[in-house]
Enquirer: 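Here it is, the structure in full.
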Amino acid sequence: MATQQIVLLLLLLAAPHGLAVAVSPTPIINTTCAALAHSPNFTLHVEYEFCVRSLSADPVASSATDARGLAAAAASLTVANITSTELIIADLVKNLVSCLSDYKELNDMVRRGLHDIRGGRAADASKKFLDSAESDVPSLCDLILIEGVAKRNPIDQENQNAYFLSVMASDITQLMLDSHAGSPKDPS
């Protein structure tokens, strides 16, 4: 039952707001949702369309005959949503921990390359920067997050920046090495 509600809820939330529900709302759902959306007696209001769409798509709510049945159905949908959100957050945390570990290793490699550059060891720096650019950590992190339960990547832009900045550092260092290759003594 809870799994069915989670699937139903995910389908509901994924649907565009303008999409009509295949199941027509019952009179009790219409009346209740109108009251929720327009009554001045409530501190918090729910949008009529959201209320109708959510309750009409739920078989338990659609078969409710009174406000008590709708309240129980709405509470069950809320539990399903919160449970689903917990699973998404747990998956994101697990996947972000994996990304964090990979990024820490990448950061260490780039810092050592920076130390090499500052110490005049361009060839050593170039190798580290190239390894960091080819590490594919940002792409792997993207993949882990997109293929996870959450199906989203909250650090997409940061991953792109990490990749392009790594490539830039590698290419600039290689350019520097190439320009010194013709000189009699390579400073690295």
Side-chain angles (χ1 to χ4, degrees), residues 2-21 44 46-47 49-50 53-54 57 77-188:
T3 303
Q4 290 173 338
Q5 285 179 321
I6 290 173
V7 169
L8 172 68
L9 186 67
L10 291 175
L11 289 173
L12 258 175
L13 296 177
H17 288 290
L19 186 64
V21 177
L44 303 174
V46 65
E47 291 181 16
E49 292 80 15
F50 178 83
R53 187 177 64 242
S54 301
L77 286 171
T78 304
V79 168
N81 174 265
I82 291 170
T83 301
S84 173
T85 303
E86 286 176 356
L87 293 172
I88 289 170
I89 291 169
D91 184 66
L92 276 171
V93 168
K94 176 188 74 144
N95 291 334
L96 286 170
V97 166
S98 176
C99 289
L100 178 62
S101 174
D102 292 343
Y103 266 101
K104 283 182 176 185
E105 290 178 27
L106 186 61
N107 191 20
D108 182 57
M109 186 183 326
V110 172
R111 285 178 182 271
R112 287 180 305 174
L114 178 59
H115 183 72
D116 288 341
I117 280 284
R118 289 180 176 156
R121 297 176 301 280
D124 293 338
S126 177
K127 168 88 172 90
K128 288 177 180 78
F129 293 153
L130 181 59
D131 288 348
S132 74
E134 292 178 340
S135 72
D136 215 18
V137 166
S139 295
L140 290 173
C141 189
D142 280 338
L143 189 62
I144 287 170
L145 291 165
I146 294 300
E147 289 185 351
V149 172
K151 303 288 186 223
R152 64 183 69 107
N153 182 356
I155 59 168
D156 181 55
Q157 187 62 54
E158 290 80 0
N159 284 338
Q160 289 179 31
N161 291 345
Y163 171 73
F164 289 121
L165 290 168
S166 293
V167 169
M168 185 172 64
S170 174
D171 288 352
I172 291 171
T173 306
Q174 187 59 50
L175 185 66
M176 186 179 79
L177 284 172
D178 292 348
S179 69
H180 287 25
S183 60
K185 179 154 174 114
D186 186 10
S188 59

Enquirer: Got Asn81 and Leu77 here, is their nearest side-chain heavy-atom distance under 4.5 Å?
Expert: no
Enquirer: With the side chain counted from C-beta on, respond yes when Ile88 and Arg152 share a heavy-atom pair under 4.5 Å apart, and no when they do not.
Expert: yes
Enquirer: Report yes if some heavy atom in the side chain of Tyr163 is under 4.5 Å from a heavy atom in the side chain of Val167; otherwise report no.
Expert: yes
Enquirer: Quick check: does any side chain N or O of Thr83 sit under 3.5 Å from a backbone N or O of Val79, one acting as donor and the other as acceptor?
Expert: yes
Enquirer: Quick one: does Ser126's side chain have a donor or acceptor within less than 3.5 Å of a partner on Ala122's backbone?
Expert: no
Enquirer: Check the surroundings of atom NZ in Lys104: do more than 12 heavy atoms from other residues, nucleotides or ligands lie under 6.0 Å from it?
Expert: no
Enquirer: Any side-chain heavy-atom pair from Leu175 and Asp171 closer than 4.5 angstrom?
Expert: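 SC-SC contact between Leu175 and Asp171 ruled out.
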Enquirer: Going by heavy atoms in the side chains, are Asp91 and Lys94 under 4.5 Å from each other?
Expert: yes
Enquirer: With a cut-off of 6.0 Å (strictly less than), are more than 12 heavy atoms of other residues, nucleotides or ligands near OH of Tyr103?
Expert: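 Enclosed.
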Enquirer: State, yes or no, whether a side-chain contact exists between Ile155 and Asn153 at a heavy-atom distance under 4.5 Å.
Expert: yes
Enquirer: State, with a plain yes or no, whether a side-chain heavy atom of Leu96 is found less than 4.5 Å away from one of Leu145.
Expert: yes
Enquirer: Show every disulfide bond (SG atoms under 2.5 Å apart) that has at least one partner inside residues 97-151, sequence neighbours left out.
Expert: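 As it turns out, the disulfide bond (SG atoms under 2.5 Å apart) pairs with a partner in residues 97-151, which skip direct neighbours, are Cys99-Cys141.
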Enquirer: Let me check something: any side-chain donor-acceptor pairs from residues 131-138 under 3.5 Å, sequence neighbours excluded? List them with distances.
Expert:
from, atom 1, to, atom 2, distance (Å)
Asp131, OD1, Lys127, NZ, 3.0
Asp131, OD2, Lys127, NZ, 2.8
Ser132, OG, Phe129, O, 2.8
Ser135, OG, Ser132, O, 2.8
Ser135, OG, Val137, N, 3.3
Asp136, OD1, Ser139, OG, 3.0

